[in-house]
Trainee: 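Before I ask anything, let me first share the structure, which is written out below as structure tokens.
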Amino acid sequence: MSRTRNTRASRLATAGVAVTTATLLAAALSPAAHADTRPTRATAIENAAQALVQHATALGLTSAEGTSVRDVIVDKNGTQHVRYDRTYRRLPVLGGDFVVHLKADGAYRGADRATRSKISLASTVPDVSAPKAADLAVNALRAANLGDALKQVRAKPQLVVDALHGTPKLAWRTNAVGKDSLGNPVARTVLTDARSGAQIDAWDSIETATGDGKSLYSGTVPLETTLSGSTYNLTDPTRGNTFTGDAANKTDLCIFGICISRAPNTVFTDADNHWGTGATSDRSSAAVDAQYGTNETWDYYKNVHGRNGIAGDGKGSYNRVHYGNNYNNAFWDDSCFCMTYGDGDGTTFGPLVALDVAGHEMTHGVTSKTAALTYSGESGGLNEATSDILGTLVEWYANNSSDPGDYLIGEEIVRSGFGKTALRYMDQPSKDGSSADYWSSSVGNLDVHYSSGVANHFAYLLAEGSGAKTINGVSYNSPTYNGSTVTGIGRDKLGAIWYRALTVYMTSSTNYAGARTATLNAAKDLYGAGSTEYNAVAAAWSAVNVN
């Protein structure tokens with residue numbers, strides 16, 4: 001150590017700088033020399049709280065409104081972004097969320113707000129009763145399921161302020177749940193005007209995407225497990241104690257705090273720590289896929305984006321496999337913070353435990369903890385597209401030779417009865433027969449799984465560019481609305497830009513025009529205004545008619 005120190009002193013002295021051994025030793029041992037000097041989460045919240053006071057008028061805050069912190073991001077350069085939810089006279093405000101942006105020194109830089117409408121209600125006492133709102137939501141749930149003989153239907157209304165749909169108004173947000181004729185869960189959120197009883201909006205409450213997977217689908221994969229006595233549990237202590245259990249082909253309805261019945265969720269165990277056979281006849285094979293998908297999704301967010309777990313708090317979620325009766329679905333549920341997989345009907349879909357399904361559905365959890373994009377209209381399309389985009393990037397990140405990366409959604413789980421080779425196609429979404437390639441004023445009227453096509457197409461163009469090409473053995477041919485030629489910037493930069501846009505700039509009401517602004521802001525932050533990446537984002541959006 002002394003030789004290194006003396007050599008350094010000699011070099012500095014040669015440069016005309018007076019240096020003593022004591023000075024060098026003090027500098028080497030100084031905590032400031034190695035410490036991370038970025039503001040802490042607590043400091044960012046404190047700085048943002050001061051900004052709320054100083055810029056209350058600009059943020060539309062009044063004495064009747066309250067705020068609570070939903071998420072905090074501190075960039076490497078010290079820039080801070082604090083995301084808030086808003087209440088009005090203690091009622092949640094839909095569309096009241098906003099993000100405060102602060103400079104490295106804590107100074108206010110600006111904000112992104114879901115809506116800018118001033119909230120001023122004459123009264124927060126509804127004219128429509130809670131039981132009436134519940135009845136209306138139940139009727140909406142039955143109508144949405146085409147007259148299926150639903151069973152055990154329940155509804156739970158919550159009084160809110162709706163600022164998402166024009167002038168803020170008092171409303172009931174009612175979560176209605178039930179079981180279909182096969183015993184599988186159905187759920188719908190209905191927004192009702194608390195004065196007139198008119199329906200404002202409604203959307204499916206189970207965020208779905210029938211996806212893709214394997215040790216049914218991904219070959220032999222590594223698993224971290226827990227030994228208890230002489231038995232291994234399918235619980236991963238290295239990833240927040242994530243685990244996978246068997247739902248025994250039963251269902252539960254514990255959605256939004258309404259519990260009608262519960263399926264069992266028995267954690268899988270094994271005697272020799274060698275799980276599954278790769279065949280559906282062994283129930284643990286599907287569990288291997290589910291656990292593997294969770295692991296790869298966790299690792300992608302942590303290693304690529306620095307996010308420690310779905311909620312960013314280091315806590316693991318859990319999986320349930322063999323859920324329901326021939327259930328053609330997989331879904332993320334915030335109320336249990338869990339991922340659930342059906343076995344499929346064997347004709348249309350196989351077990352839905354594919355890798356990009358896991359990435360897709362768990363990304364709904366990330367979205368709910370960040371931008372919380374409303375699951376209807378253009379925001380709903382962006383919500384689904386976010387899961388398609390980042391779920392696809394999870395598949396590429398895994399680099400699994402049995403299920404190589406591609407821009408097909410759900411190709412592993414579809415069966416001959418489905419009639420197509422994948423659920424969705426990112427290079428040209430309209431190939432599925434329903435999705436939109438380009439934006440139009442009617443896109444927001446489509447089902448969210450189809451309006452997502454505009455952003456999926458943008459993402460493919462941004463990563464790979466336009467025209468015909470073969471990637472990993474799959475042929476693609478991506479057109480453009482304006483006949484332009486788009487040059488891609490790669491998947492890594494696509495992921496960095498979309499994740500930053502989601503977590504820093506998007507809000508619950510972001511539409512396609514807002515997504516263009518959010519991604520351009522993200523590209524500017526990461527690569528600079530006028531950079532190749534910034535210009536590529538603009539070109540890709542123009543190529544899908546978002547200008």
Trainee: Quick one: list whatever passes side-chain hydrogen bond (donor to acceptor under 3.5 Å, both in side chains) with Asp236, sequence neighbours left out.
Mentor: Thr238, Arg239
Trainee: Counting heavy atoms not belonging to Asn273, are there more than 12 under 6.0 Å from its CG?
Mentor: yes
Trainee: Establish, from distance only, whether the side-chain atoms of Tyr327 and Asn249 form a donor-acceptor pair under 3.5 Å.
Mentor: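 No, because no side-chain N or O of Tyr327 sits under 3.5 Å from a partner of the opposite role on Asn249.
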Trainee: For Trp172, enumerate each residue passing the side-chain hydrogen bond (donor to acceptor under 3.5 Å, both in side chains) test, keeping only those at least two apart in sequence or located in another chain.
Mentor: none
Trainee: For a ring pair (Phe, Tyr, Trp, His ring centres under 6.0 Å) with Tyr318, tell me which candidate from Phe243, Tyr341, Trp332, Phe337 qualifies.
Mentor: Phe243
Trainee: Which is it for Asn233 and Thr225 under the side-chain contact (heavy atoms from CB on, under 4.5 Å) test, yes or no, and what are the steps along the way?
Mentor: CA-CA 6 Å; Asn233 296 323; Thr225 61; over 6 Å; no
Trainee: Stepwise, does the side-chain contact (heavy atoms from CB on, under 4.5 Å) test hold for Thr374 with Leu164?
Mentor: CA-CA 9 Å; Thr374 302; Leu164 281 174; 3.4 Å; yes
Trainee: When you measure from the side chain of Ser452 to the backbone N and O of Gly381, does any donor-acceptor pair fall under 3.5 Å?
Mentor: no
Trainee: Return the set of residues passing side chain to side chain contact (heavy atoms under 4.5 Å, CB included) with Ala137 (not counting sequence neighbours), or none when no residue passes.
Mentor: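 With sequence neighbours excluded, Ala137 shows a side chain to side chain contact (heavy atoms under 4.5 Å, CB included) to Thr174, Ala176, Val190, given in chain and number order.
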Trainee: Please check if the side chain of Asp270 supplies one atom and the backbone of His274 the other of a donor-acceptor pair under 3.5 Å.
Mentor: yes
Trainee: Is a side-chain donor or acceptor of Asn472 paired with a backbone partner of Pro404 at a separation under 3.5 angstrom?
Mentor: no
Trainee: Got a second to check how far Glu395's CD is from Asp356's CG, nearest 0.5 Å?
Mentor: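 These two atoms lie 4.5 Å from each other.
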Trainee: Could I get the full list of side-chain hydrogen bond (donor to acceptor under 3.5 Å, both in side chains) partners for Lys493, not counting sequence neighbours?
Mentor: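 By the side-chain hydrogen bond (donor to acceptor under 3.5 Å, both in side chains) rule, Lys493 matches Glu533.
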Trainee: Tell me if a side-chain donor or acceptor on Asp345 pairs with a main-chain N or O of Phe349 at a distance below 3.5 Å.
Mentor: yes
Trainee: In Å and rounded to the nearest 0.5 Å, what is the CG to CG distance from Leu216 to Asp343?
Mentor: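 The distance works out to 9.0 Å.
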Trainee: Tell me yes or no: between the side chains of Tyr425 and Thr421, is some donor less than 3.5 Å from an acceptor?
Mentor: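 Present: a donor and an acceptor within the cut-off.
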Trainee: Could you tell me which residues satisfy side chain to side chain contact (heavy atoms under 4.5 Å, CB included) with Pro264, sequence neighbours excluded, listed by chain and number?
Mentor: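 For Pro264 the side chain to side chain contact (heavy atoms under 4.5 Å, CB included) partners, ignoring immediate neighbours, are Ala248, Lys250, Thr266.
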Trainee: Identify the heavy atoms of Ala455 and Tyr512 that sit nearest to each other, and give their distance.
Mentor: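 Distance-wise, the nearest heavy atoms are N-OH, 3.3 Å.
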Trainee: Okay, side chain of Ser509, backbone of Ala114: is any donor-acceptor separation there less than 3.5 Å?
Mentor: yes
Trainee: Does the pair Val288 and Leu223 meet the rule for a side-chain contact (heavy atoms from CB on, under 4.5 Å), with working shown?
Mentor: CA-CA 8 Å; Val288 172; Leu223 294 172; 4.2 Å; yes
Trainee: Go through Asn47 and Gln80 one step at a time and tell me if the side-chain contact (heavy atoms from CB on, under 4.5 Å) criterion holds.
Mentor: CA-CA 9 Å; Asn47 291 339; Gln80 303 140 60; 2.9 Å; yes
Trainee: Ignoring hydrogens and geometry, is there a side-chain-to-backbone donor-acceptor pair from Tyr323 to Arg320 under 3.5 Å?
Mentor: no
Trainee: What are the two closest heavy atoms between Ser368 and Asp334, and how far apart are they?
Mentor: OG-OD1, 3.0 Å
Trainee: Can you name the one residue among Leu352, Thr348, Asn328 that meets side chain to side chain contact (heavy atoms under 4.5 Å, CB included) with Ile413?
Mentor: Leu352
Trainee: Please report the shortest heavy-atom distance between Ser435 and Pro429, naming the atom on each side.
Mentor: CB-O, 3.4 Å
Trainee: Do Thr367 and Asn383 have a side chain donor and acceptor closer than 3.5 Å?
Mentor: no
Trainee: Going from NZ on Lys156 to CZ on Arg173, what distance comes out if it is rounded to the nearest 0.5 angstrom?
Mentor: 11.0 Å
Trainee: Please list, chain by chain and in numerical order, all residues satisfying side-chain hydrogen bond (donor to acceptor under 3.5 Å, both in side chains) with His81, sequence neighbours excluded.
Mentor: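 With sequence neighbours excluded, His81 shows a side-chain hydrogen bond (donor to acceptor under 3.5 Å, both in side chains) to Asp75, His101, Arg500, given in chain and number order.
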Trainee: Under 3.5 Å, is there a donor-acceptor pair between the side chain of Arg415 and the main chain of Thr347?
Mentor: no
Trainee: Looking at Thr280 and Pro351, what are the two nearest heavy atoms and their distance?
Mentor: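 Closest heavy-atom pair between Thr280 and Pro351: CG2-CG, 4.0 Å.
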Trainee: Considering only NZ, NE, NH1 and NH2 on the basic side and carboxylate oxygens on the acidic side, decide whether Asp432 and Lys420 come within less than 4.0 Å.
Mentor: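 Here Asp432 does not pair with Lys420 in a salt bridge, since their nearest N and O are not under 4.0 Å apart.
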Trainee: If you look only at pairs with a residue in residues 301-317, which of them pass as a salt bridge (charged side-chain N to carboxylate O under 4.0 Å, His left out), with sequence neighbours excluded?
Mentor: none
Trainee: Which value, rounded to the nearest 0.5 Å, describes the distance between Asp71 atom CG and Ile73 atom CD1?
Mentor: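 Answer for the CG-CD1 pair, Asp71 versus Ile73, is 5.5 Å.
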Trainee: Would you check if the distance from the ring center of Tyr232 to the ring center of Trp275 is below 6.0 Å?
Mentor: no
Trainee: Got Ile409 and Met426 here, is their nearest side-chain heavy-atom distance under 4.5 Å?
Mentor: yes
Trainee: Does the side chain of Thr297 pick up a donor-acceptor pair with the side chain of Thr294 at under 3.5 Å?
Mentor: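 The answer is no; no qualifying pair exists.
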Trainee: With rounding to the nearest 0.5 Å, note down the distance linking CG in Asp112 to CZ in Phe98.
Mentor: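 So the gap between those two atoms works out to 11.5 Å.
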Trainee: So, using salt bridge (Lys or Arg N to Asp or Glu O under 4.0 Å) as the criterion, who are the partners of Asp427 when residues are at least two apart?
Mentor: Lys431
Trainee: Judged by atom type as modelled, is there a donor-acceptor pair below 3.5 Å linking the side chain of Thr370 to the main-chain atoms of Thr503?
Mentor: no
Trainee: What are the two closest non-hydrogen atoms of Leu494 and Ile389, and how far apart are they?
Mentor: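 Closest pair (atom of Leu494, atom of Ile389, distance): CD2-CG2, 4.3 Å.
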Trainee: Who passes side chain to side chain contact (heavy atoms under 4.5 Å, CB included) against Thr244, sequence neighbours left out?
Mentor: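 Once residues adjacent in sequence are excluded, the partners of Thr244 under the side chain to side chain contact (heavy atoms under 4.5 Å, CB included) criterion are Leu234, Phe268, Ala287, Ala290, Gln291, Asn319, Val321.
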Trainee: Applying ring-ring contact (aromatic ring centres under 6.0 Å, His included), which residue pairs with at least one partner in residues 378-414 are found, sequence neighbours left out?
Mentor: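 Sorted pair list: Tyr300-Tyr397, Trp396-Tyr407, Tyr407-Tyr460, Tyr407-Tyr476.
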Trainee: Taking Thr363 for its side chain and Ser387 for its backbone only, find out whether a donor-acceptor pair lies under 3.5 Å.
Mentor: no
Trainee: What distance do Leu373 atom CG and Leu382 atom CG have between them, rounded to the nearest 0.5 Å?
Mentor: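 The distance works out to 6.0 Å.
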Trainee: Classify the side-chain pair Thr519/Trp498 by whether it contains a donor and acceptor separated by less than 3.5 Å.
Mentor: no
Trainee: Under the side chain to side chain donor-acceptor pair (under 3.5 Å) rule, what do Thr235 and Asn241 come out as? Steps first, then yes or no, please.
Mentor: CA-CA 6 Å; Thr235 301; Asn241 287 317; over 6 Å; no
Trainee: At their closest point, which heavy atom of Ser376 faces which heavy atom of Asp201, and how far apart are they?
Mentor: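 Closest pair (atom of Ser376, atom of Asp201, distance): OG-OD2, 2.8 Å.
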Trainee: Charged N to carboxylate O below 4.0 Å: is that the case for Arg424 and Asp388?
Mentor: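 Salt bridge between Arg424 and Asp388, a charged N being under 4.0 Å from a carboxylate O: yes.
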Trainee: By side chain to side chain contact (heavy atoms under 4.5 Å, CB included), which residues pair with Asn399, not counting sequence neighbours?
Mentor: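 For Asn399, no residue satisfies side chain to side chain contact (heavy atoms under 4.5 Å, CB included) once neighbours in sequence are set aside.
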Trainee: Mind checking salt bridge (Lys or Arg N to Asp or Glu O under 4.0 Å) for Asp85 and listing every partner two or more places apart, or none if nothing turns up?
Mentor: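 Once residues adjacent in sequence are excluded, the partners of Asp85 under the salt bridge (Lys or Arg N to Asp or Glu O under 4.0 Å) criterion are Arg70.
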